[in-house]
Protein chains: 2
Amino acid sequence: MENSFCSEYWPETCYVNQDSVYLLPQVPCYFPQIQCSRESFQERRESASRSHSEAEKRRRDRINAQLSTLRKFIPTSEKMDKAALLGSVVDHVKDLKGKTAEISKVLNTPSDIDEVTIEHLKEEEENKGCLLKASFCCEDRPELFSELQRAIKNLKLRVMGADITSLGGRIKGVFMLCPNENSANDVCMNSLKRSLRVVLSRIAISPSTSNYRIKSKRQRFFLPAHFS
Amino acid sequence: MENSFCSEYWPETCYVNQDSVYLLPQVPCYFPQIQCSRESFQERRESASRSHSEAEKRRRDRINAQLSTLRKFIPTSEKMDKAALLGSVVDHVKDLKGKTAEISKVLNTPSDIDEVTIEHLKEEEENKGCLLKASFCCEDRPELFSELQRAIKNLKLRVMGADITSLGGRIKGVFMLCPNENSANDVCMNSLKRSLRVVLSRIAISPSTSNYRIKSKRQRFFLPAHFS
DNA sequence: GAAAACACGTGATAC
DNA sequence: TGTATCACGTGTTTT
């Protein structure tokens with residue numbers, strides 16, 4: 001074992017004497033032993049140890065930075081230790097989650113999932129009397145309404161009623177639609193539904209995968225008239 | 001310095017030889033030095049070290065337990081390291097806080113602060129025509145409504161309208177009140193307001209400091225009729 | 001002065 | 001391989 005050491009993977013398990021390096025007797029050697037001078041060994045050992053401890057410090061700092069950010073969210077969390085702070089955060093999140101869930105029960109708030117559904121509400125022989133319920137849920141963006149309006153007009157439909165809710169940058173809408181005065185009487189309802197679904201999906205769902213969408217921090221809030 | 005050590009506060013800064021304990025020369029001694037045998041020193045040192053490391057383990061476990069609780073709240077947080085997890089928690093809290101703030105803009109949600117305010121809306125010579133706006137915000141509890149009803153009746157008042165919102169275990173209410181048919185015509189409005197404030201405060205605010213209040217996890221949600 | 005809380009450096013491990 | 005994360009024990013400070 002004389003004049004040998006076990007790579008910088010085991011810096012602390014080696015014993016350094018005058019100008020040679022020995023493995024401590026109880027340490028198993030997993031790596032090929034490399035002969036080197038005491039100076040070279042110490043150099044490598046110190047460099048490795050330094051970078052290791054510096055990396056660990058960076059990691060601790062990252063965690064602690066997030067902890068202080070969280071501390072700002074929790075009132076009276078000054079003086080709390082880390083575990084207590086995290087406990088408060090848990091309670092806080094639970095509370096907020098509960099509140100938004102309660103709200104969602106009565107307010108039909110938008111979900112995180114993009115979706116478009118078309119329903120045929122009133123089955124009629126004549127097209128003029130039919131009623132389509134078109135629902136969508138997607139990221140909110142400024143041009144959404146004009147696009148919807150144009151699409152509805154192009155399909156020769158008319159908005160009979162709408163219920164729109166925007167919350168947290170997302171938007172959920174339900175439109176009641178029926179054929180307008182320009183609509184032909186012999187339009188096939190199934191193909192109209194299909195067209196509506198395709199057009200709405202293009203507006204509400206496709207943009208989220210392209211870079212077209214603008215993630216606006218400015219959040220609008222729309223509620224049906226009777227809410228205000 | 002011979003035959004002395006520096007209490008178990010400095011377990012690692014002492015040098016133990018055959019049967020005596022020496023302070024390392026560069027270590028300042030903050031505590032009275034105590035003579036003891038090598039065995040006694042080691043015993044104390046090991047015991048102190050053990051309890052210290054056990055306490056530290058308990059602390060780490062407490063923190064990590066909260067972290068795993070938080071992990072359950074964040075979808076796709078499996079595989080995240082601690083810093084990233086906390087970052088997601090920060091985002092999540094921000095998001096929820098923003099949503100509830102948005103909601104509060106349109107929904108008059110209850111705040112965390114107990115309060116009662118009485119306003120005199122319509123100034124009239126004759127009592128019968130006067131209109132009082134009584135607002136309160138407090139913890140929700142099952143008996144609240146019957147107590148309010150009784151109080152209003154006792155003051156010879158009549159409910160002309162009400163807007164009540166309960167959210168997250170707290171409740172906010174606004175009552176429009178006017179004197180009822182049993183009310184005397186010459187009642188002093190200021191003393192009526194004062195009485196109303198005292199009675200409402202007793203119902204809405206006092207219970208929170210006594211042990212009378214039941215912290216019910218079951219949360220009710222009331223909204224004005226036109227919301228449903 | 002004993003316990004609690006924190007930062008630190010280290011060994012182990014995963015990729 | 002190096003680089004990142006984690007748990008651990010320790011030194012130090014605070015209460």
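Chain letters run A, B, ... following the sequence lines, proteins first and then strands; every chain starts at 1. Values in this document were obtained by computation on a predicted structure and should not be read as measured data.
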May I have the distance from [X] (atom [atom1]) to [N] (atom [atom2]), rounded to whole angstrom?
| X | N | atom1 | atom2 | value |
| --- | --- | --- | --- | --- |
| B/Asn64 | C/dC6 | CG | P | 13 Å |
| A/Lys79 | C/dC6 | NZ | P | 11 Å |
| A/Asp81 | C/dA5 | CG | C1' | 7 Å |
| B/Glu78 | D/dT5 | CD | C1' | 15 Å |
| A/Arg59 | D/dC8 | CZ | P | 12 Å |
| A/Asp61 | D/dA4 | CG | P | 14 Å |
| A/Met80 | D/dT15 | CE | C1' | 18 Å |
| A/Ile63 | C/dA7 | CD1 | P | 10 Å |

Strictly below 4.0 Å: does [X] bring a side-chain N or O up to OP1 or OP2 of [N]?
| X | N | value |
| --- | --- | --- |
| B/Arg62 | C/dA5 | yes |
| B/Ser49 | D/dT10 | yes |
| A/Lys82 | C/dA4 | no |

Roughly how far, to the nearest 0.5 Å, is [atom2] of [Y] from [atom1] of [X]?
| X | Y | atom1 | atom2 | value |
| --- | --- | --- | --- | --- |
| A/Leu144 | A/Cys138 | CG | SG | 5.0 Å |
| B/Leu167 | B/Thr100 | CG | OG1 | 8.5 Å |
| A/Leu85 | B/Gln66 | CG | CD | 9.5 Å |
| A/Lys193 | A/Leu155 | NZ | CG | 14.0 Å |
| A/Leu67 | A/Arg60 | CG | CZ | 13.5 Å |
| A/Ile74 | A/Met80 | CD1 | CE | 7.5 Å |

Residues A/Glu147, A/Arg141: salt bridge by 4.0 Å N-O rule:
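Here A/Glu147 pairs with A/Arg141 in a salt bridge, since their nearest N and O are under 4.0 Å apart.
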Assess whether one donor atom and one acceptor atom, taken from the side chain of B/Arg60 and the base of D/dG9, lie less than 3.5 Å apart.
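By the distance-only test, yes, there is a pair.
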Sequence-distant partners of B/Arg58, side-chain contact (heavy atoms from CB on, under 4.5 Å), two or more places apart
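B/Glu54, B/Ala55.
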Per the side-chain hydrogen bond (donor to acceptor under 3.5 Å, both in side chains) rule, which among B/Asp140, B/Thr109, B/Thr165, B/Asp114 passes with B/Arg170?
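In the set B/Asp140, B/Thr109, B/Thr165, B/Asp114, the residue that makes a side-chain hydrogen bond (donor to acceptor under 3.5 Å, both in side chains) with B/Arg170 is B/Asp114.
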Check DNA chain C against residues 83-90 of chain A and give the residues with a non-hydrogen atom under 4.0 Å, in numerical order.
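Of all residues in residues 83-90 of chain A, none places a heavy atom under 4.0 Å from DNA chain C.
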Among residues 51-58 of chain B, which contact DNA chain C at a heavy-atom distance under 4.0 Å?
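DNA chain C contact set from residues 51-58 of chain B: B/His52, B/Glu56.
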